[in-house]
Amino acid sequence: MRTLLKRPIERALSSAWVGSFTRQRVRGKRLILAYHGVIPDGERVAGERSLFIAQREFAAHLDLLSEIADVAPLSKLDEDGDGRPRVAITIDDAYLGAVRQGVDELVKRSLPATIFVAPGRLGGHVFWWDALSAERGEMDPGLRTFALSSLAGSDEKVRSWAAAAALPKTEDLPEYARSATREDLRAAVRKPGITLGSHSLTHRNLSRLDIQEVMSEVGRSRLTLKAEFGARAIDWLAYPYGLDSVAAQQAVAASSYKGAVLISGGWHNPARTPAFARPRLNIPAGLSVERLRIHVLGGLLS
């Protein structure tokens, strides 16, 4: 019953008539969208299901954004726009499907986007959360909490713990659900509007590390991306797992970044928001075009 009611309500709230009223709520504000993986047409679903959006759905989202939003590069998001809701597109983890098929869809529509990269996890890497989620498509929340808090989201520590506990996992994931190579990223940034940002060096939970470890993770990542990709690497960071702390924010600020983003929240006023804790609207698998329209037009602020 809930599903039967949900779609008609979404269609009503996403109408142009409702949008003419709700968009007043976002005047002067900014919205940063957070995507993760893109499943190429014809591929099987794999990894942690909530992180992967089908290519056709991603394309539909981009068509909507082209129609109703002023899509700006992340580094220029706070500049004045054209009067429409001003939005930036970001993509976390540099999954191959996002770097190839996702970027192709963006370029077709001349839309800019920033891909957040963990340079120490490139080259066909299978992320631990995808390996542990592969059988059911999702991970037990208690296991996730333990991995992120007690093990700081460290790939090596989580895999060692999972092996000792005999947890079911698989490394047999399709290419699109693995990390891209450096050459894939070089091909992506040669295309107009595509930039790279830091996702730390090895995608550990920065809020659980000591200050020296945080400085190393964010400093080395930024320097690596600058050395390899030059001006296409911008001075922005996405906190791994969206988890930050006061110490992590201070370390990022001290490492010559200009801004950092979370993985929760939505519309915000940049003048009233800490530069190193900018909210983002996470886009999960299955988010309808109608619901995205509601968000972009200000019907939902987070």
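Source: prediction; values computed, not measured. One-based numbering along the sequence shown.
The backbone N or O of D82 lies less than 3.5 Å from a partner atom in the side chain of D70, making a donor-acceptor pair. In this structure, R278 contributes its side chain and V261 its backbone to no donor-acceptor pair below 3.5 Å. A donor-acceptor pair is defined here as one N or O able to donate and one able to accept, closer than 3.5 Å; such a pair exists between the side chain of T273 and the backbone of N269. Remark: the backbone N or O of S133 is not paired with any side-chain donor or acceptor of E48 at under 3.5 angstrom. Checking side-chain atoms of K191 against main-chain N and O of V103 turns up no donor-acceptor pair under 3.5 Å. For R280 (side chain) and L262 (main-chain N/O), a donor-acceptor pair under 3.5 Å exists by modelled atom type. No donor-acceptor pair closer than 3.5 Å links the side chain of W267 to the backbone N or O of R27. Judged by distance alone, the side chain of R178 and the main-chain N or O of E171 form a donor-acceptor pair under 3.5 Å. A side-chain donor-acceptor contact under 3.5 Å links Y257 to the backbone of V218. One N or O on the side chain of T170 and one on the backbone of D172 form a donor-acceptor pair closer than 3.5 Å.
Counting heavy-atom neighbours within 6.0 Å of E43 CD, excluding the residue itself, gives a total above 12. The neighbour count for R144 CZ, taken as heavy atoms of other residues, nucleotides or ligands under 6.0 Å away, is above 12. Within a 6.0 Å sphere centred on CZ of R272, other residues, nucleotides and ligands contribute 12 heavy atoms or fewer. More than 12 heavy atoms of other shown residues, nucleotides or ligands fall within 6.0 angstrom of atom NZ in K226. Enclosure of atom CZ in R56 is not indicated, since only 12 or fewer non-hydrogen atoms of other residues, nucleotides or ligands lie within 6.0 angstrom.
In this structure, the side chains of P40 and R100 stay at 4.5 Å or more apart for every pair of heavy atoms. Using a 4.5 Å cut-off on side-chain heavy atoms (C-beta onward), E67 and L62 make no contact. Looking only at side-chain heavy atoms (C-beta outward), L196 and T114 stay at 4.5 Å or farther from each other. By the 4.5 Å heavy-atom criterion applied to side chains, L185 and F229 are counted as neighbours. Within the 4.5 Å cutoff, side-chain heavy atoms of L206 are placed close to those of P240. Here the side chains of L106 and I89 are in contact, with some heavy-atom distance below 4.5 Å. Looking at E156 and W128, their side chains never come closer than 4.5 Å, going by heavy atoms from C-beta outward. At least one side-chain heavy atom of I263 sits under 4.5 Å from a side-chain heavy atom of H36.
The pair R222-E228 does not count as a salt bridge, with every side-chain nitrogen at least 4.0 angstrom from each carboxylate oxygen. With respect to R86 and D80, no salt bridge is recorded, no charged nitrogen being found less than 4.0 Å from a carboxylate O.
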Self-check item: Candidate pair M215 and Q212, rule side chain to side chain contact (heavy atoms under 4.5 Å, CB included), full reasoning
Solution: CA-CA 5 Å; M215 292 291 290; Q212 290 80 13; 5.8 Å; no
Self-check item: Check against side chain to side chain contact (heavy atoms under 4.5 Å, CB included), R204 and E213
Solution: CA-CA 10 Å; R204 289 191 286 170; E213 290 177 307; 3.6 Å; yes
Self-check item: side chain to side chain contact (heavy atoms under 4.5 Å, CB included) between D130 and F127, worked out
Solution: CA-CA 5 Å; D130 290 317; F127 293 106; 3.8 Å; yes
Self-check item: side chain to side chain contact (heavy atoms under 4.5 Å, CB included) evaluation trace for S288 with R291
Solution: CA-CA 5 Å; S288 68; R291 193 163 185 85; 3.3 Å; yes
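In this structure, D41 and Q55 approach most closely via the heavy-atom pair N-OE1, 3.1 Å. The two atoms that bring A233 and L225 nearest to each other are CB-O, 3.6 Å, heavy atoms only. The two residues S75 and W236 have their closest heavy-atom pair at CA-NE1, 4.1 Å. In terms of heavy-atom proximity, L237 sits nearest to F116 at C-CE2, 3.8 Å. Closest heavy-atom contact between A34 and N282: O-OD1, 3.5 Å. Across all their heavy atoms, P279 and G265 have their closest contact at CB-CA, 3.9 Å.
Atom CG of D235 is separated from atom OG of S256 by 7.0 Å, given to the nearest 0.5 angstrom. Distance OG/S207 to CG/D244: 7.5 Å, rounded to 0.5 Å. The CG atom of D140 lies 9.0 Å from the CD atom of E138; values are rounded to the nearest 0.5 Å. In this structure, L148 CG and S154 OG are separated by 11.0 Å, a value rounded to the nearest 0.5 Å. With rounding to the nearest 0.5 angstrom, the CG atom of D92 is 9.5 Å from the CG atom of L51. Atoms NE2 and CD, on H61 and E57 in that order, are 6.5 Å from each other to the nearest 0.5 Å.
With respect to Y95, the ring pair (Phe, Tyr, Trp, His ring centres under 6.0 Å) criterion is satisfied by exactly one of F58, F52, Y176, W129: F52. The side chain to side chain donor-acceptor pair (under 3.5 Å) test with D155 singles out one residue from H125, R121, H203, and that residue is H125. Shown are T181, V117, D184; of these, the side-chain contact (heavy atoms from CB on, under 4.5 Å) with L122 is made only by V117. Only one option out of R293, R109, K108 pairs with D63 in a salt bridge (charged side-chain N to carboxylate O under 4.0 Å, His left out); it is R109.
The hydrophobic cluster containing M139 also contains V45, counting ILVMFWY residues as joined when their side-chain heavy atoms lie under 4.5 angstrom apart, directly or transitively. Taken together through direct or relayed side-chain contacts under 4.5 Å among Ile, Leu, Val, Met, Phe, Trp and Tyr, I194 and L65 form part of one hydrophobic cluster. Residue F276 is not grouped with residue I211 when hydrophobic side chains (ILVMFWY) are merged at heavy-atom distances under 4.5 angstrom, including chains of intermediate members. Placement of L31 and V289 within a single hydrophobic cluster is found when ILVMFWY residues are connected by side-chain heavy-atom separations under 4.5 Å, directly or transitively. Note on I234 and I115: separate hydrophobic clusters, where clusters join Ile, Leu, Val, Met, Phe, Trp and Tyr whose side-chain heavy atoms are under 4.5 Å apart, directly or indirectly.
Defined by atom type and a distance below 3.5 Å, a donor-acceptor pair is present between the side-chain atoms of S221 and S198.
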